[in-house]
Amino acid sequence: MKKSLLFTLFLGLIIPNVQAQEDLLSLLENDSTPDSTVVYTEASFKTTRVVNSHSLENTAPGVLDFKINHRFGEINTGGYEMFGLDQASMRLGFDYGVTERLMVGIGRSTWNKTYDGFVKYKVLRQSSGFKKMPVTLIWFSGMYVNSLKWAEPDRENYFSSRLDYAHQLIIGRKFTEGLSLQLMPSMVHRNLVENTDVSNDVFSIGVAGRQKITKRVSVNAEYYYVLPDQIQDIYTNSLSIGVDIETGGHVFQLMVTNSTAMTENGFIAANTGDWLDGDIRFGFNISRVFTLVKPKELKETGSDW
Amino acid sequence: MRLLILSLIITLSSTLNAQSKWFTRSGQIKFYSSTPVEDIEAINNSVSSVLDQATGNIQFSAEIKSFVFEKALMQEHFNENYMESDEYPQAKFAGKITNMNEVDWSTPGDYEVMIEGKLTIHGETQEVKVKGTFRVVDASSLKAKAEFKVKPEDYKISIPDIVREKIAKEISVTVNMEYKPLKR
């Protein structure tokens, strides 16, 4: 009996001392409120495009991204055309992050004098912590207006004939700090096609990825396989290989590609270049971001003393 | 029987003693880098800290990913390229208040305190000495404030030449805590 009392006494003296030595922050971990932080995976790609395709990234909310995309002519045009550098195909565009999940954008391309607009929504976001999600899933829809003069102005022409649409699912994962991969089942719909042998709907599957080689430089590649018997034989599958270089506020993307168009309706469903024939082009994308809406944390600079 | 009561009293009183701890999960740490080219500010409003009033031991933990920048891209680069926050998710401080006896817990007021300890950022630990202020408000509120400077190179945070002029050699850090009693 006495022994057990002494033991209690001993405990009473010793326990607080033991507690004082322990990791104080661990006292918070055992608290009744479980740790509910969700860590969303960031920086799967340096920017919102792999090369031509949309990547797993969106522009952050409140941020406007001005994109200047440029493709030179085909390398196999020879020395007279300075291996393509004399020619240019452009897309100028603005992307804007509305929320963490939603990005919208507009653009104008040289190719077919196309105006385009798109909506890109993150249905699932790769995350760890309290909520674990292995992949990011994105819904992308774009609309394209060809504004070339009518080929046959005497015929009755409809505005709807100028319209193309593209819908994509982008499923991807940042596997490691350096490696991200994505799959892109895609459907392009053309309201008007060349003849009755080709289909208005073009189904394809794209793959893309990036591997970082330093903290600020990555190598990217993307490829689209168009399922057979949908488009004319003159068209080819798009293959692009690029390098992303990030310098603070800018991301430069340099690439070689067999695609002239920088919109989905073009580089998926109307791609003419053939890598084996040397119909490849140099090109670059420049991205410059502007913060239009400050994060709310920075607005309230809260300290009352 | 007397012995039992005595031992109970001692157990209870020592437990009470151990309860004199303060905590917060929503402390604020701000940092500020100022150069002629660019001013950069970031804020973290979810810093955890525990202070043991009895021993003067104090600890902080801040999630690197919780620092918010005005420019989202800067925030991404801060995590991806500078702090490597996937590898080193937290910054931590564990130290001791050396002049705890100068704080009169029963009298509301401001007390200057000296804090010594180990600051760990980007996986690198450095000994630091910081001057801070405690504001004793009442039995349920204690505020604390400190300001100090941190050199990125001390913590092996590499800054490439291309942005060297945009990032200060010394970063000013401001700590603002509002503690509540830790009851358990």
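Note on naming: letters A, B, ... go to the chains in the order of the sequence lines (proteins, then strands), and numbering restarts at 1 for each one.
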Which value, rounded to the nearest 0.5 Å, describes the distance between [X] atom [atom1] and [Y] atom [atom2]?
X       : Y       : atom1 : atom2 : value
A:Leu25 : B:Ser49 : CG    : OG    : 7.0 Å
A:Leu24 : B:Ser48 : CG    : OG    : 12.0 Å
B:Lys21 : A:Leu27 : NZ    : CG    : 5.5 Å

Quiz prompt | Evaluation steps, side chain to side chain contact (heavy atoms under 4.5 Å, CB included), between B:Asp86 and A:Glu42 | solution = CA-CA 10 Å; B:Asp86 281 332; A:Glu42 289 182 332; over 6 Å; no

Quiz prompt | Proximity of residues 285-294 of chain A to chain B, residues having a non-hydrogen atom under 4.5 angstrom | solution = A:Val289, A:Thr291, A:Lys294

Exercise. Would you list the pairs meeting side-chain hydrogen bond (donor to acceptor under 3.5 Å, both in side chains) in which at least one residue belongs to residues 150-170 of chain B, sequence neighbours left out?
Key: none

Practice problem: Flag yes if more than 12 heavy atoms outside A:Phe282 fall under 6.0 Å of its CZ atom; otherwise flag no. | Solution: no

Quiz item: Within a reach of under 6.0 Å around NZ of B:Lys180, are more than 12 heavy atoms found that belong to other residues, nucleotides or ligands?
Solution: yes

Exercise. Select, from B:Asn81, B:Val163, B:Val50, the one with the greatest count of heavy-atom pairs under 4.5 Å involving chain A.
Key: B:Asn81

Quiz item: What part of B:Glu87 gets closer than 4.5 Å to chain A, counting heavy atoms only: side chain, backbone, both or neither?
Solution: neither

Quiz item: With only heavy atoms counted, which part of B:Thr24 is less than 4.5 Å from chain A, the side chain, the backbone, both or neither?
Solution: backbone

Quiz prompt | Salt-bridge criterion met for B:Glu80 and A:Lys46 (N-O under 4.0 Å) | solution = yes

Self-check item: Contacts of residues 63-79 of chain B with chain A (heavy atom under 4.5 Å)
Solution: B:Lys65, B:Val68, B:Phe69, B:Glu70, B:Lys71, B:Ala72, B:Leu73, B:Glu76, B:His77, B:Asn79

Quiz item: Using a heavy-atom distance cut-off of less than 4.5 Å, which residues of residues 118-130 of chain B contact chain A?
Solution: none

